[in-house]
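What follows is one structure encoded as structure tokens, with my remarks underneath.
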Amino acid sequence: MKPAILDDDFFRRGTLRVARDLLGKHLVGRVNGAELALPITEVEAYDGPNDRACHAHRGRTARNAVMFGPPGFWYVYLCYGVHWLLNIVTGPEDFPAAVLIRGAGDVCGPGRVTRRFGITGDQDRKSAGPAAGLWIEDRGLRVRRKEIERTPRIGIGYAGPVWSSKPYRFVWDGVRS
DNA sequence: TAAGTGATCTCT
DNA sequence: GAGATCACTTAA
């Protein structure tokens, strides 16, 4: 199968579906002039205005505005004043949702993924693709359902018992090199 | 286990 | 404008 860059149609679907399907797809970027591609191993879904863990839950702000736009755009923000976190906007326009990329290849942890790829606020609000220097490809890697683990999301206790316990985190443990 | 770190958001 | 908060990481 020929590598295919994922486009709007892939990301326009339901957030949970996109999140699950993102496992095994390759995050591709340019680092120091060379191309770096790592298969995505861990993601979390943040699904719209009713999701109390989603940044868009309290309405549109300058920071989260990109989530209200069309799918396939990067949402990058600084967390704890230290770490950049990488999200891809999902769902139709005006439905604020995104998927957080928490792990790729042998890199575990959302802050470490961005550091590995050299991602900063520069990519924020850009459309995922070569022009942004950062995109996602389907390279034909096959992910079996049994290899996917679903757990609650990390670090969102503030969202209350209902939303913080939703199994919106997807981990692929079938990656082998 | 605790602190660093600074943008962002919610009050005054 | 001030104060609290935070989708994390690292060093103990």
Side-chain angles (χ1 to χ4, degrees), chain A residues 6 10-11 13-25 27 29 31 36 38-91 94-128 132 134-136 148-173 175:
Chain A
L6 302 186
F10 179 92
F11 299 108
R13 304 170 300 144
T15 310
L16 293 172
R17 189 59 195 272
V18 172
R20 207 208 56 167
D21 289 350
L22 236 26
L23 296 176
K25 302 296 187 291
L27 179 63
V31 184
L36 175 66
L38 296 174
I40 295 170
T41 58
E42 181 182 348
V43 296
E44 281 177 4
Y46 289 87
D47 194 24
N50 295 324
D51 181 353
R52 287 184 57 188
C54 183
H55 282 174
H57 171 245
R58 292 176 185 276
R60 184 187 190 123
T61 67
R63 181 179 66 164
N64 67 27
V66 67
M67 278 202 285
F68 289 78
F73 281 68
W74 296 118
Y75 169 43
V76 185
Y77 75 97
L78 189 63
C79 185
Y80 296 104
V82 184
H83 306 287
W84 294 101
L85 267 57
L86 176 67
N87 303 251
I88 184 82
V89 174
T90 63
D94 290 328
F95 183 80
V99 172
L100 169 68
I101 296 174
R102 295 185 57 91
D106 57 350
V107 185
C108 300
R112 303 173 103 186
V113 170
T114 54
R115 198 176 61 177
R116 184 84 169 78
F117 278 85
I119 295 164
T120 67
D122 284 352
Q123 281 80 16
D124 188 35
R125 294 160 197 245
K126 288 188 176 167
S127 178
L134 187 67
W135 65 96
I136 300 175
I148 298 175
E149 187 187 0
R150 292 188 65 168
T151 80
R153 293 169 289 185
I154 305 296
I156 52 147
Y158 62 85
V162 173
W163 287 97
S164 64
S165 63
K166 296 236 181 229
Y168 282 7
R169 173 169 172 257
F170 298 79
V171 184
W172 181 37
D173 56 13
V175 68

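First the proteins, then the strands, lettered A, B, ... as listed; each starts at 1.
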Task: Paired stretches of DNA chain C - 3 or more consecutive Watson-Crick or G-U pairs, each distance under 3.5 Å - done: B:1-4 with C:8-11, B:6-11 with C:1-6
Open item on the list: Under 4.0 Å, counting only non-hydrogen atoms across every strand here, what does A:Arg153 touch: a base, just sugar-phosphate, or nothing?
Closed with: nothing
Open item on the list: Before you tell me yes or no, could you show the steps for A:Tyr75 and A:Tyr77 under ring-ring contact (aromatic ring centres under 6.0 Å, His included), namely the whole-Å CA-CA distance, both residues' side-chain angles and the distance that decides it to 0.1 Å?
Closed with: CA-CA 7 Å; A:Tyr75 169 43; A:Tyr77 75 97; 5.5 Å; yes
Open item on the list: At 4.0 Å (heavy atoms only), tell me whether A:Arg115 reaches a base, stays on the sugar-phosphate, or touches nothing.
Closed with: sugar-phosphate
Open item on the list: Please classify the nucleic acid contact of A:Ile154 as base, sugar-phosphate, or nothing, using heavy-atom distances under 4.0 Å.
Closed with: sugar-phosphate
- [ ] Evaluate the side-chain proximity of A:Met67 to A:Cys54: yes if any heavy-atom separation is below 4.5 Å, no if none is.
- [x] yes
Open item on the list: Less than 4.5 Å apart, side chain to side chain, heavy atoms only: is that true for A:Gln123 and A:Thr114?
Closed with: no
Open item on the list: For a 4.0 angstrom threshold against heavy atoms of chain A, report the outermost contacting nucleotides of DNA chain C in 5' to 3' order.
Closed with: C:dC6 to C:dT10
Open item on the list: Under a 4.0 Å threshold between the charged nitrogen and the carboxylate oxygen, would A:Lys25 count as salt-bridged to A:Asp21?
Closed with: no
Task: Test item: A:Val99 and A:Tyr46 side chains (from C-beta on) under 4.5 Å apart, heavy atoms - done: no
Open item on the list: I'd like to check A:Val113 versus A:Leu85 (side-chain heavy atoms, cut-off strictly below 4.5 Å). Are they in contact?
Closed with: no
TODO: For the residue pair A:Phe170 and A:Leu16, establish whether any side-chain heavy-atom pair is separated by less than 4.5 Å.
DONE: yes
